[in-house]
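Bear in mind that the values here come from a model prediction, so they are computed numbers and not experimental data. To find a chain, count down the sequence lines: A is the first, B the second, and so on, and within it residues start at 1.
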Amino acid sequence: MKKYILEINGLIKNFNRLRVLNDVHFKIKHGDFFGLIGPNGAGKSTLLKILYGIVIPDSGNISINGLDLLSNYKKIKYSLGIVPQEDNLDEDLSVNDNLIVYSKYFGITGGESRRRASELLNFFDMGEKKYSKVSELSGGLKRRLMIARALINNPSLIILDEPTSGLDPEYRQNIWEKLKALNRNGVTILMSTHYMEEAERLFKNIIILNHGNIVFNGAISEITLNKKSLEEIFLDIAKH
Amino acid sequence: MSGTEFNFVPDAKWQQMELLKKINKTNSNLSKSLFTVFYRNYLVWLKYYKPGIIGDILEPLLYLAALGFGIGKFIHNINGISYIKYIVPGIIASSSMYAAAFESTFGAYTRMVTNGIYQAILLTPIGIEDIVSGEILWGTAKAFMSGTAVLIIGTVFGWIISPAAIIIPVVIVLNGILFSSLSLLITSFSPSYDFFSYYFTIAISTMFLFSGVFYPVSSLPYAIRYFVYIMPLYYTVSIMRMLDEGKINPVLLFSYLSVIILFALIFFYASVYFIKKRVIK
């Protein structure tokens, strides 16, 4: 197995004439809890959308599990769990059917599909909501279901785009616990956030993006050594 | 099992050759992927099928009864066939066209834009080609239900003329593929639901009224007839009528089938291209 689960080199993306990502380089080790931080418009979501194939980069190399992303995106998706920022749960289906149908997209069927769906709903304390309609769920429960859905294929890398955005502190804490438990079990996590408290509590390593450029890449412990909180550093960056 | 006791283990074997081989095999199997997209639509349809059946099955039967018995009272026959018998193949073709068109416009737009279902599916190993193929298969299934319902009623009431009509379901499938593909292409450009009014008024209703469903196209002025020949529905109506009346001209049959398949292929590849362009930036 390669040391790095994700390697990105020289990534560039322009929308019309605006450069959104400028020569982005970074690597993520297996088992890391890796954070992507930056002010609004820094390029975080674009970077994540490139990783899950909704946005095509203009240049650069991305490899996941040693495979080039652009030429192997279908194969790579088998090893990825993705939680986008937008809620795109299937409102026409029940909570359980959302997981069952999603598992079929990965070729998981029958008893195996039902077993995984049931385990994930229990893990996210949603067992009693199994037959509820998605439209009846609160924002926090919808987020949990989206994370559960992303785990249906036992991914080795989970990518989450601001998964706790807009949630109240109780739901946020609950999601943190689940993510930490997954990471302890060996799942590599790449997550973006604009909550600095969340970043300090969860991440081992981070990159900070500003105007499409990486302004910091390293361990979160390094950045807080100079007695400034992550929030103060973030605000300094956002001013520039 | 509850809370953080969940024993989640990521798939550590992922990079091993055996699993990669399995993935390669799955990727090459387009049919499996498109059936998963089809299955999702089918599951949702099961929840709301009753009002859908009214539109897809009852409406063409109302047309058949109203025009066949009403106008049929004044038109004794066309080419030696009673009016109700004459319009049955046309109603089969047009009802399957409408069923495919509604599903692949309003239904597909809801899935693609309003509910973000395509975007969710694209987070998995399913690609745009699989989504478009699955959508076309689903639209074709709806067309098949609508068209065969009219065919069965026609057979029960003795309005089907020749045993060759047993091949008509194959043509219904082709018609379904054709109009699902065309309608998905329109959906790929559509900025809103209202945009479909243009498609249904200018294209679908025009084909319904001018493609020979209710009268022979030869009765139209020459200038209009040339427009009819670029309408895909004209070819499916003509083939269905040929089969229903048992007057099969092999050269015409082959040419018309070729036109339908050509139209379907063009619309299919165009819809894959434009839906990809819309969903992936």
Side-chain angles (χ1 to χ4, degrees), chain A residues 1-2 15 30 46 49 52-56 65-67 73-84 86-93 97 100-102 104-107 118-120 122-125 127 149-158 177-178 180-182 184-188, chain B residues 1-16 19-29 32-33 35-48 107 110-111 114-131 134 276-277 279-281:
Chain A
M1 191 183 284
K2 289 194 74 159
F15 281 124
H30 282 276
T46 303
K49 281 178 180 170
Y52 49 80
I54 302 289
V55 171
I56 306 294
N65 277 313
L67 291 174
Y73 82 97
K74 276 194 173 186
K75 288 179 195 171
I76 286 172
K77 294 268 178 74
Y78 282 93
S79 69
L80 292 186
I82 298 161
V83 183
E86 311 77 31
D87 165 17
N88 57 19
L89 291 166
D90 204 326
E91 300 266 343
D92 290 316
L93 299 175
D97 281 345
I100 300 284
V101 167
Y102 213 69
K104 286 188 189 299
Y105 298 143
F106 290 91
S118 178
E119 276 187 8
L120 285 164
N122 285 336
F123 176 60
F124 283 97
D125 310 318
R149 191 182 70 173
L151 294 169
I152 199 79
N153 56 320
N154 279 13
S156 49
L157 172 63
I158 306 177
E177 276 175 33
K178 304 300 179 193
K180 278 196 234 172
L182 289 168
R184 276 197 301 274
N185 278 294
V187 182
T188 311
Chain B
M1 190 190 296
S2 70
T4 53
E5 289 163 17
F6 178 54
N7 189 23
F8 182 89
V9 180
D11 206 333
K13 291 187 219 160
W14 195 78
Q15 281 197 305
Q16 292 175 7
L19 194 59
L20 274 180
K21 276 183 204 161
K22 190 178 155 194
I23 289 167
N24 281 329
K25 201 175 162 190
T26 313
N27 274 346
S28 63
N29 195 347
K32 210 169 180 178
S33 303
F35 275 113
T36 58
V37 176
F38 176 90
Y39 174 76
R40 183 259 161 215
N41 292 346
Y42 169 71
L43 211 58
V44 175
W45 178 79
L46 279 181
K47 294 179 195 290
Y48 311 111
T110 302
R111 292 186 280 277
T114 314
N115 293 349
I117 301 299
Y118 290 5
Q119 287 78 356
I121 296 175
L122 284 170
L123 304 178
T124 75
I126 308 279
I128 288 281
E129 298 81 359
D130 308 314
I131 294 175
K276 192 180 249 178
K277 211 171 165 190
V279 177
I280 297 175
K281 305 290 175 198

Quiz item: Can you name the nearest heavy-atom pair linking B:Gln119 to A:Asn88, along with the distance?
Solution: C-ND2, 4.0 Å

Self-check item: A:Tyr105 side-chain N/O to B:Leu123 backbone N/O, donor-acceptor pair under 3.5 Å
Solution: no

Quiz item: Under 3.5 Å, is there a donor-acceptor pair between the side chain of A:Lys77 and the main chain of B:Leu122?
Solution: yes

Quiz item: Using a cut-off of under 4.5 Å for heavy-atom pairs, which of A:Ile54, A:Val55, A:Leu93 has the most such pairs with chain B?
Solution: A:Ile54

Quiz item: Of the non-hydrogen atoms in B:Gly127 and A:Lys74, which two are nearest, and what is the gap between them?
Solution: N-CE, 3.7 Å

Quiz item: Picking from B:Ile117, B:Leu43, B:Thr36, what satisfies side chain to side chain contact (heavy atoms under 4.5 Å, CB included) with A:Val101?
Solution: B:Leu43

Quiz item: If you count the non-hydrogen atoms of other residues, nucleotides and ligands that lie under 6.0 Å from CZ in A:Phe15, is the total more than 12?
Solution: yes

Quiz item: Is it true that atom NZ of B:Lys277 has more than 12 heavy atoms of other residues, nucleotides or ligands lying nearer than 6.0 Å?
Solution: no

Exercise. Mind checking the CG-CG spacing from A:Asp97 to B:Leu46? Nearest 0.5 Å is all I need.
Key: 10.0 Å

Practice problem: Kindly compute the distance separating OG1 (B:Thr124) from CZ (A:Arg149), expressed to the nearest 0.5 Å. | Solution: 9.5 Å

